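The model shown is predicted, which means the values in this text are computed figures rather than measured ones.
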2 protein chains.
Amino acid sequence: MKLDSLERDLKELIQSKGMRYTEQRAIILEILLMSDGHLNADEILRVVRDKYPETNIGIATVYRTLSFLEESNLISSISFGLEGKKYENVSKEHHDHLICKACGTIYEFIDADIEAKQEQIAKDRNFEIHSHSMQIYGLCENCH
Amino acid sequence: MKLDSLERDLKELIQSKGMRYTEQRAIILEILLMSDGHLNADEILRVVRDKYPETNIGIATVYRTLSFLEESNLISSISFGLEGKKYENVSKEHHDHLICKACGTIYEFIDADIEAKQEQIAKDRNFEIHSHSMQIYGLCENCH
DNA sequence: GTCAATGCAAATCGTTTGCATGAAC
DNA sequence: GTTCATGCAAACGATTTGCATTGAC
């Protein structure tokens, strides 16, 4: 298989985590790295089938791959109430979410003051932060 | 059935929402009003069986009751990643959560600055807030 | 050639639903 | 007596697992 530069990067990235390089892992990782959005396992499978119709990936492989990629910190996940677990590109800057209950759109925002305040709160309680997640639910400007 | 004062309150509370007063609803509401913690449906059922061994409540009733109580704003819920949906006493002041990944303890905190900042962010984007939830994951002082 | 990764189907978990019975009003 | 709430079991959607086959190394 001839590798273009993105594929070579994916291969290195995957192997650098001590994982075997497979087409399925590369495809799933590529989709997440290229995507700006938040995708769940089902949506990822739909993109795979759309973008690589000749490839047949099972849903179990999607779940297994997502778990490995997350453990290796190549992607990250958040749980949105009813929407289930969604994954995104880990290289994006940390951000929080405004979630519209009507149209389902997720708007991202970054606020340095809130981040700083969280760190302060954790420090005061001798709590070691690994990650955090914040969601504001309501109606976006198009839906009210 | 002779009603003590708590039971009378529960009865009024439930009927004030236009719901029929049943033993099951009273028990579930009482557990949540008395509890400081965050309980999921399964944990509630376990408390019921422990506290009222003579009563047989089905899991379906627990889910149905929780939904009604939440719609009526008598209790509120949050979704914690793996832990699923958890319910708590709605009368408590709004608060956010520090969640220890090792021992599972949930520590609450309240921060007016963060709340204010969230409102500001929503206002800037013409987003109407209905609710929000924030979780910080990591290790608490007993677990590191 | 060895061992890990895959696809498939079955299993599991949390939650919801249909329906006949029982309780609240 | 009417209507709503319950318990049970079946149904459900999302995720996980067992196992034989395939592919990476």
Side-chain angles (χ1 to χ4, degrees), chain A residues 1-3 7-8 10-29 38-46 48-49 52-72 74-75 77-87, chain B residues 1-3 7-8 10-29 38-46 48-49 52-72 74-75 77-87:
Chain A
M1 191 200 312
K2 187 175 149 291
L3 299 181
E7 275 174 28
R8 200 158 24 241
L10 293 175
K11 185 169 185 187
E12 276 168 24
L13 211 48
I14 290 169
Q15 292 185 330
S16 73
K17 301 296 176 180
M19 295 159 62
R20 291 195 175 168
Y21 172 82
T22 66
E23 196 188 4
Q24 292 86 336
R25 288 177 177 179
I27 289 175
I28 292 169
L29 182 53
H38 305 76
L39 301 169
N40 64 28
D42 228 55
E43 289 163 344
I44 290 168
L45 194 57
R46 218 168 300 137
V48 173
R49 291 191 172 144
Y52 302 94
E54 74 288 355
T55 319
N56 179 25
I57 298 189
I59 187 69
T61 299
V62 176
Y63 279 108
R64 278 187 285 233
T65 302
L66 289 173
S67 299
F68 276 112
L69 293 175
E70 187 176 21
E71 277 172 30
S72 306
L74 293 174
I75 61 172
S77 72
I78 4 167
S79 275
F80 295 119
L82 297 168
E83 323 265 318
K85 210 170 187 178
K86 297 209 163 193
Y87 291 84
Chain B
M1 189 202 311
K2 184 173 152 294
L3 299 182
E7 276 175 27
R8 200 158 24 241
L10 293 175
K11 185 168 186 188
E12 276 168 24
L13 212 47
I14 290 169
Q15 293 184 330
S16 73
K17 301 296 177 179
M19 296 158 62
R20 288 194 177 170
Y21 173 82
T22 66
E23 195 188 7
Q24 291 87 335
R25 289 177 175 177
I27 289 176
I28 293 170
L29 181 54
H38 305 77
L39 301 169
N40 64 28
D42 228 55
E43 288 162 346
I44 290 168
L45 194 58
R46 216 166 302 137
V48 172
R49 292 193 171 142
Y52 303 94
E54 74 287 355
T55 319
N56 179 26
I57 298 190
I59 188 70
T61 299
V62 175
Y63 280 108
R64 278 187 285 233
T65 303
L66 289 172
S67 299
F68 276 112
L69 293 176
E70 188 176 20
E71 277 171 32
S72 306
L74 292 174
I75 61 172
S77 72
I78 4 167
S79 274
F80 296 118
L82 298 168
E83 323 265 317
K85 211 170 186 179
K86 297 209 163 193
Y87 291 84

Report task. Using a 4.5 Å cut-off on heavy atoms from C-beta on, say whether the side chain of A:E54 contacts that of A:Y52. Result ->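 Contact flag for A:Y52/A:E54 side chains = yes.
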What's the [atom1]-[atom2] distance between [X] and [N], to the nearest Å?
X	N	atom1	atom2	value
A:E23	D:dC25	CD	P	13 Å
A:K17	D:dA24	NZ	P	22 Å
A:L66	D:dA14	CG	P	15 Å
B:K11	C:dC25	NZ	P	6 Å
A:K86	D:dG13	NZ	P	17 Å
A:L45	D:dT16	CG	P	15 Å
A:I14	C:dA4	CD1	C1'	14 Å
A:R25	D:dG23	CZ	C1'	12 Å

Query raised in the report: With sequence neighbours excluded, what pairs up with A:E71 under the side-chain hydrogen bond (donor to acceptor under 3.5 Å, both in side chains) test?
Result: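 Result, side-chain hydrogen bond (donor to acceptor under 3.5 Å, both in side chains) vs A:E71: none returned.
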Requested in this report: Specify the angle, to 10°, made by the local axes at the two ends of the helix from C:dG1-D:dC25 to C:dC25-D:dG1 when five pairs are taken at each end.
Outcome: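 Helix axis angle between the two ends: 30°.
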May I ask you to evaluate whether [X] reaches the phosphate of [N], defined as a side-chain N or O under 4.0 Å from OP1 or OP2?
X	N	result
A:Q24	D:dG23	no
B:R20	C:dA23	no
B:Q15	C:dC25	yes

Query - Closest contact, heavy atoms only, A:M19 versus A:S72 - result: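 Closest pair (atom of A:M19, atom of A:S72, distance): SD-OG, 3.7 Å.
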Query raised in the report: So, for A:I14 and A:R20, which heavy atoms are closest and what is the spacing to 0.1 Å?
Result: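 Scanning both residues, the minimum pair turns out to be CG2-O, 3.5 Å.
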Query raised in the report: So which nucleotide from C:dA5, C:dT15, D:dT6 ends up closest to the side chain of A:T22?
Result: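 Per side-chain heavy atoms of A:T22, the pick is C:dA5.
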Could you tell me the separation between the [atom1] atom of [X] and the [atom2] atom of [Y], rounded to the nearest 0.5 Å?
X	Y	atom1	atom2	value
B:R25	B:L13	CZ	CG	12.5 Å
B:K86	B:L66	NZ	CG	13.0 Å
B:F68	B:L29	CZ	CG	14.0 Å
B:T61	B:E23	OG1	CD	12.0 Å

Report task. Give a yes or no on whether the backbone of A:N40 and the side-chain of A:E43 come within a donor-acceptor separation of less than 3.5 Å. Result ->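 Yes: the side chain of A:E43 pairs with the backbone of A:N40.
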Query - Close residues, residues 56-64 of chain A, relative to DNA chain C [heavy-atom separation under 4.0 Å] - result: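 Contacting residues: A:N56, A:I57, A:G58, A:A60, A:T61, A:R64.
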